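Report on one structure; see the data block that follows.
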Amino acid sequence: MSAVTVTVSEDDMNAVRAKPALRDEGARLGFRLTLPAQILVLFISVFPLLMQLYISVTDWSPLSGLGWWNAWEMWNSFANYTDLAADARFWSALKRTAIVMIVCVPAEFLLGLALATLFADDFPGKRIFYSILLMPMMVVPAVAGYMFFMLFQSGGPVNDILSAITGTRVTIAWLSDPTLALIAVMIADIWQWTPLMFLILLAGLVGVPEDQIKAATLLGANPWQRFVTIVLPKMKTIIIIALAIRVIENFKIFDTLYIMTGGGPGVATETISVYIYKVTTQDLIWGYVAAIALAILIVLSIVAVFAMKRMARARQVAA
C-alpha cells in the first residue's frame with residue numbers, strides 16, 4: 001500500500017491561522033449590530049427594577065410634589081421593609097393567595113391530565129369537544145368574573161340547580177359569606193384555567209414515544225402500569241413547566257376575583273394582588289407598594305429557579 005502525501009501550502013496555513021481572528025471580528029460585528037437591541041432590552045428589564053428598588057426605600061408618592069428622581073429626599077432607612085414584616089394584612093393576603101394556589105393548581109392539574117389522557121385517543125366529535133373545552137381559556141378574565149358573579153348570586157343559577165336537586169328552595173349567599181366567597185372564586189379560576197393545563201399536558205402526552213408503550217403492552221403491562229412507568233416519567237419536564245406557569249399566574253390572580261368580590265366581604269378574599277391594588281390606588285403609598293412588589297418578585301423568582309432546576313434534573317434523568 002502506497003503512502004499518501006498531503007501537501008499544505010503556505011497560503012492554506014495562513015488561512016487557518018487567520019480563522020480565530022475572523023471569528024473574533026465576526027463576534028465583534030455581531031455585538032455591534034445587536035448593541036441597540038441589547039440596550040433596549042436592558043432598559044426595559046433592568047431600569048424598572050432599579051427604579052422600584054430606589055422607590056422602595058423612600059416614602060415617595062405622586063402626591064408628595066417631588067419627581068421620582070428626587071425621591072431620595074424622602075429616604076426612610078428601609079422602614080418600608082420593616083413595616084412589611086409587621087403588616088398583618090399583607091401576611092393574611094399572602095396566606096389567602098397560597099390557599100387559592102394550593103387548591104386551584106392541583107385541581108387544574110388533575111382535571112387537565114384526565115382530559116389530556118382522554119383526548120390523546122380518537123373518538124367521535126373530538127374536534128368539537130376540543131373547541132368547547134378550550135373556550136373558557138379564551139374568555140377575558142374580567143368577563144369570566146362577571147359571569148361567575150351572576151352565577152353565584154342568591155337568586156342565581158347555582159342556587160337554582162341546588163334547589164332542583166334538593167327539592168327545597170336554596171338561597172345561599174355565596175359571595176357574602178367569607179368562606180363560600182373564596183370557594184366561588186376558586187371554582188371560577190379552575191373553570192377558566194384547567195383548559196390551559198389540559199393543552200400543555202396534551203402536548204406532552206402526544207410526544208411520548210409510541211414504540212415504548214407498544215413494547216410495554218407486549219410485555220404485559222396494564223394501562224395504569226404503562227402510565228406510571230412510561231408516560232409520567234416522559235412528561236416530567238412538561239408537567240413541571242405547566243405547574244410552574246400556573247403557580248406563578250395563580251399568584252397574580254386579580255381580574256376575576258376583583259369583579260366577583262372586590263376582595264370582600266371585608267378582606268375575606270383579598271389576595272396579594274388585590275391588596276397591592278388597594279394600597280396603590282387608595283392609600284397612594286407607592287414606596288411601600290414598591291417594597292411589597294419586590295418581596296413578591298423574590299418569592300416568584302425562587303419558584304422559577306426551583307422549577308428550572310427540577311426541569312434540568314428531569315432532562316438529565318431522561319437522557
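Atoms considered below: every heavy atom in the structure, side chains included; atoms not considered: hydrogens, waters and symmetry mates. Just so we're clear, the structure is a prediction, and the values are computed from it rather than from any experiment.
Shortest non-hydrogen contact noted between Gln192 and Thr256 is OE1-OG1, 3.7 Å. Across every non-hydrogen atom of Asn159 and Val170, the tightest pair is CB-O, 3.3 Å. When every heavy atom of Pro233 is checked against every heavy atom of Val228, the shortest pair comes out as CD-O, 3.2 Å. What you find for Lys126 and Asp121 is that their closest heavy atoms are NZ-O, 3.7 Å. Considering every non-hydrogen atom in both Val57 and Asn76, the closest pair reads O-OD1, 2.9 Å. Contact record, Gly145 with Met260: O-CG, 3.2 Å, taken as the closest heavy-atom pair.
Contact annotation: the side chain of Ile259 never approaches that of Phe148 to less than 4.5 Å [non-hydrogen atoms, C-beta and beyond]. Thr117 has its side chain out of reach of Val231: every pair of non-hydrogen atoms, C-beta onward, lies at least 4.5 Å apart. Val139 places a side-chain heavy atom less than 4.5 Å from the side chain of Trp191. Considering only heavy atoms from C-beta on, Ser61 stays 4.5 Å or farther from Ile285 through its side chain. Proximity of Ile253 to Val185: side-chain heavy atoms (C-beta onward) are separated by under 4.5 Å at one or more points. Proximity of Glu270 to Thr97: side-chain heavy atoms (C-beta onward) are nowhere separated by under 4.5 Å. The closest side-chain heavy-atom distance from Val41 to Val46 is not below 4.5 Å. Between Trp72 and Thr58, every side-chain heavy-atom pair lies at or beyond the 4.5 Å cut-off.
Residue Ile190 holds its CD1 atom at 7.0 Å from CG of Leu111, rounded to the nearest 0.5 Å. Taking CG from Leu162 and CZ from Arg169, the interatomic distance works out to 10.0 Å, rounded to the nearest 0.5 Å. The line from CD1 of Ile39 to OG1 of Thr34 is 9.5 Å long, rounded to the nearest 0.5 Å. With rounding to the nearest 0.5 angstrom, the CZ atom of Arg127 is 14.5 Å from the CD1 atom of Ile132. Taking CG from Asp177 and CD1 from Ile172, the interatomic distance works out to 9.0 Å, rounded to the nearest 0.5 Å. Atoms CG and CG, from Asp87 and Asn80 in turn, are 11.0 Å apart once rounded to the nearest 0.5 Å.
Partners of Tyr81 under the side chain to side chain donor-acceptor pair (under 3.5 Å) rule, at least two apart in sequence or in another chain, are Ser56.
Cluster membership check: Leu205 shares its hydrophobic cluster with Met137, using side-chain heavy-atom separations under 4.5 Å among Ile, Leu, Val, Met, Phe, Trp and Tyr. In the hydrophobic clustering of this structure, Ile241 groups with Leu196; members are Ile, Leu, Val, Met, Phe, Trp, Tyr whose side-chain heavy atoms approach within less than 4.5 Å, directly or through other members. Ile99 and Leu300 are assigned to two separate hydrophobic clusters, defined by single-linkage of ILVMFWY side chains at heavy-atom distances under 4.5 Å. Put simply, Ile128 and Leu133 are part of two different groups of oily side chains (I, L, V, M, F, W, Y) that touch within less than 4.5 Å, one to the next. The hydrophobic cluster containing Val274 also contains Ile183, counting ILVMFWY residues as joined when their side-chain heavy atoms lie under 4.5 angstrom apart, directly or transitively.
Under the side-chain contact (heavy atoms from CB on, under 4.5 Å) rule, Met197 has a single partner from Ile239, Leu110, Leu113, Leu243, which is Leu243.
Without hydrogens or angle criteria, Trp91 side chain to Ala85 main chain gives a donor-acceptor distance under 3.5 Å. A donor-acceptor distance shorter than 3.5 angstrom exists from the side chain of Trp60 to the backbone of Leu66, with no hydrogens or angles considered.
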Check against side-chain hydrogen bond (donor to acceptor under 3.5 Å, both in side chains), Gln225 and Thr229 = CA-CA 6 Å; Gln225 289 171 328; Thr229 57; over 6 Å; no

Should Asp189 and Glu108 be marked as a side-chain contact (heavy atoms from CB on, under 4.5 Å) after you check the CA-CA gap, both sets of side-chain angles, and the distance that decides it?
-> CA-CA 9 Å; Asp189 189 82; Glu108 290 164 12; 2.6 Å; yes

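When only modelled atom types and interatomic distance are considered, Asp283 and Tyr288 share no side-chain donor-acceptor pair under 3.5 Å.
Below 30°, between 30° and 60°, or above 60°: for Phe119 and Tyr130 the angle between ring planes is between 30° and 60°, a tilted geometry. Ring orientation note: the planes of Phe90 and Tyr275 are tilted relative to one another, at an angle of 30° to 60°.
Heavy-atom contacts from other residues, nucleotides or ligands closer than 6.0 Å to CD of Glu210 number 12 or fewer.
With respect to Arg246 and Glu249, no salt bridge is recorded, no charged nitrogen being found less than 4.0 Å from a carboxylate O.
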